Each structure stands twice: as structure tokens, then as C-alpha cells.
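Working notes, structure below.
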2 protein chains.
Amino acid sequence: MKKDLFGICPYTTAQKILSGKWTLLILYLLSCQTMRFNELQRALAHMTQATLAKQLHLMEDNGLIIRKAYNQIPPKVEYSLSELGLKFLPVLTALESWGNDYIEYLKARE
Amino acid sequence: MKKDLFGICPYTTAQKILSGKWTLLILYLLSCQTMRFNELQRALAHMTQATLAKQLHLMEDNGLIIRKAYNQIPPKVEYSLSELGLKFLPVLTALESWGNDYIEYLKARE
DNA sequence: CCGGATCCTCTGGGATACTG
DNA sequence: CAGTATCCCAGAGGATCCGG
């Protein structure tokens, strides 16, 4: 029983879910619009296909995003925010503002 | 030059800073009150001294918290939020709400 | 076009023991 | 009381190749 405090606390829960290296960025991209796999890949030019696919699956399993596959040739898959993902928007907004503050701080620090 | 997009983006920046496993929780605790090392340790019963010390140093280096040491015997060290840490409070609030939503979601899921 | 399957690497987190 | 010093390990991230 090491779940006495965990799983109940919103902060540890959030930390776990958001721990993926690209989670925030993907959530942001999808908050702007539904995107296909290829579009995401282009937007995130620094990660490989495999990594992106893994991240997306993780986020789907966690209920953050929705994957919609069209059964056709050539394949087409669209990713969008789930209900939980939409609820995350306020966090994203606050985070963006703070991130920018932090970048300012970094500049002033040098 | 792989920093073309990184270091400029508020999301990746935030992701990097917040990636520590206990960062959010510590920020929350310190948002309630300034705390001594021992108090934090008791509040976070699941992490060892070494891990806590490392986390705190990291967060201090990142400019999130302030460490104030009193030169006395027995030693006394107090941790509090820095200016940047205080600016993080809105995120924390939004995150708490979302975390609770997520916990509800998990329950309903079973 | 959108992945799955493997393998490999690296580092954050933790256990344990010691100290001013 | 508030740490430091070591050592260790799982697991996330990534590279590469293959497939429907």
C-alpha cells in the first residue's frame, strides 16, 4: 500500500500524466486544431516517428487525446483533444504565460 | 544549432523545468508556507533525504525557490518560493482543478 | 501514410551510509 | 538538523529497420 497519498493527490497525478517529454507541446498543438500524424511530425521536426507514435499512444491511453483512424488507402489518422484534454486548456494558458516569464528570466540572468 | 525552436517555446521550457518527479508537489507545499528541510521531509514521507536534497538544489538552481540558511547550531534552513515560483501559482491552481477532474475520470473508468 | 518491433543508451530517482 | 558521497537500476527516449 504505497498509494495512500498517491492517486488521491491532484499534483502527483498531474505530474505523472504530464511527465512525457513532449506532452505539453502536443497538447498545445492539438488545442489549436485537429491534426494528422504527418502534420504533427512536421511540427515536431526534432522527434522521430517512433517516438511520436509512442507518445501519442501514451496520451491516448491516458485519455488526453482521441485517435480517429480512417480505414482507407493511403491511411489517414487524426488526433484531437478528448474532453479531459479540453479541460486542460486553462492550465495550458497559464503555463504559456509562465513559460514566457521564465524565458525572460533566463535572458536577464546571463 | 538545435535550439532553433527550443528555448524560445514556453511549453518546452516549462516541460523541462517541471520534469522533476516531485517539483509540482514541492511548489504546492511551499506555496502554502515557507518550510524547513525537516518539514518538507515529513510532508513527503515517500522520498529519501538524498532525493529531497537533490530536488531542492535543482529547483534552487532553476530559480523556482529560495534557500535561506541560518548559520547556527543546530542548523536551520528555510525554503520559500522565489518571484518566479510565486508567478507559478495560477498554473498550480489550474493544475489542481484539472488533477481532481482527472482523478474523477480514473474512478469512472474502472 | 502511419505506424510496429527491436535494441541500445543515458540519466533521474532511490537505497544506503557517512558528516559538520 | 540538514545535508554529502556512492553506487545502482528501471524505464523513458531515441535510432534503425520492417510492414500493411
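Every value quoted in this text rests on a predicted model; they were computed, and no experiment measured them. Residue numbers begin at 1 in each chain, while the letters A, B, ... track the order of the sequences.
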- A:Q33 meets the side-chain contact (heavy atoms from CB on, under 4.5 Å) criterion, sequence neighbours left out, with A:M35
- Query: Which atom pair, heavy atoms only, marks the closest approach of B:I17 to B:T23?
  - Reply: O-CG2, 4.1 Å
- Task: Could you state the atom-to-atom distance from CD of B:Q49 to P of C:dT19 in whole Å?
- Result: 15 Å
- Query: Is any side-chain nitrogen or oxygen of B:H57 closer than 4.0 Å to OP1 or OP2 of D:dT4?
  - Reply: yes
- Message: When you measure from the side-chain N and O atoms of B:Y79 to the phosphate of D:dC1, is any distance below 4.0 Å, counting only OP1 and OP2?
- Response: no
- Item | Sugar-phosphate only, base, or nothing, as touched by A:Q55 at under 4.0 Å among non-hydrogen atoms | sugar-phosphate
- Query: Nearest of D:dG13, D:dT16, C:dT16 to any side-chain atom of A:A50?
  - Reply: D:dT16
- Item | Of the listed nucleotides D:dG13, D:dT4, C:dG4, the one nearest the side chain of A:A53 | C:dG4
- Message: Starting the side chain at C-beta, find the nucleotide from D:dG14, D:dC1, C:dT16 nearest to A:T48.
- Response: D:dG14
- Whole Å only: how far is the NZ atom of A:K68 from the P atom of C:dC2? 15 Å
- Task: Would you kindly give the CG-to-C1' distance between A:L58 and D:dA12, to the nearest whole Å?
- Result: 9 Å
- In whole angstroms, how far is the C1' atom of C:dG12 from the CD atom of B:Q15? 15 Å
- Message: Is it true that, when you exclude A:E83 itself, more than 12 heavy atoms of the residues, nucleotides or ligands shown sit nearer than 6.0 Å to its CD?
- Response: no
- Message: Under 4.0 Å, counting only non-hydrogen atoms across every strand here, what does B:Y70 touch: a base, just sugar-phosphate, or nothing?
- Response: nothing
- Message: Under 4.0 Å from OP1 or OP2 of C:dC2: is there any side-chain N or O of A:R36 that close?
- Response: yes
- Message: Rounded to whole Å, how long is the line connecting atom CG of B:L24 with atom P of C:dG13?
- Response: 12 Å
- Item | Integer-rounded Å distance: C:dG4 C1' and A:L52 CG | 14 Å
- Sequence-distant partners of A:T48, side-chain hydrogen bond (donor to acceptor under 3.5 Å, both in side chains), two or more places apart: A:T51
- Task: On the 0 to 90° scale, with breaks at 30° and 60°, tag the A:F37-A:Y79 ring pair as parallel, tilted or perpendicular.
- Result: tilted
- Message: Using whole Å, what does the distance between atom P of nucleotide C:dG13 and atom CH2 of B:W22 come to?
- Response: 10 Å
- Note on the structure: From the candidates C:dC2, D:dC1, C:dG13, the one with an atom nearest any side-chain atom of A:V77 is C:dC2
- Message: Expressed as a whole number of angstroms, how long is the span from B:E78:CD to D:dA2:C1'?
- Response: 13 Å
- Query: So which one's nearest nucleotide on DNA chain D is more toward 5', A:G20 or B:P75?
  - Reply: B:P75
- Task: Scan A:K54 against the nucleic acid and name what it touches under 4.0 Å (heavy atoms): base, sugar-phosphate only, or nothing.
- Result: base
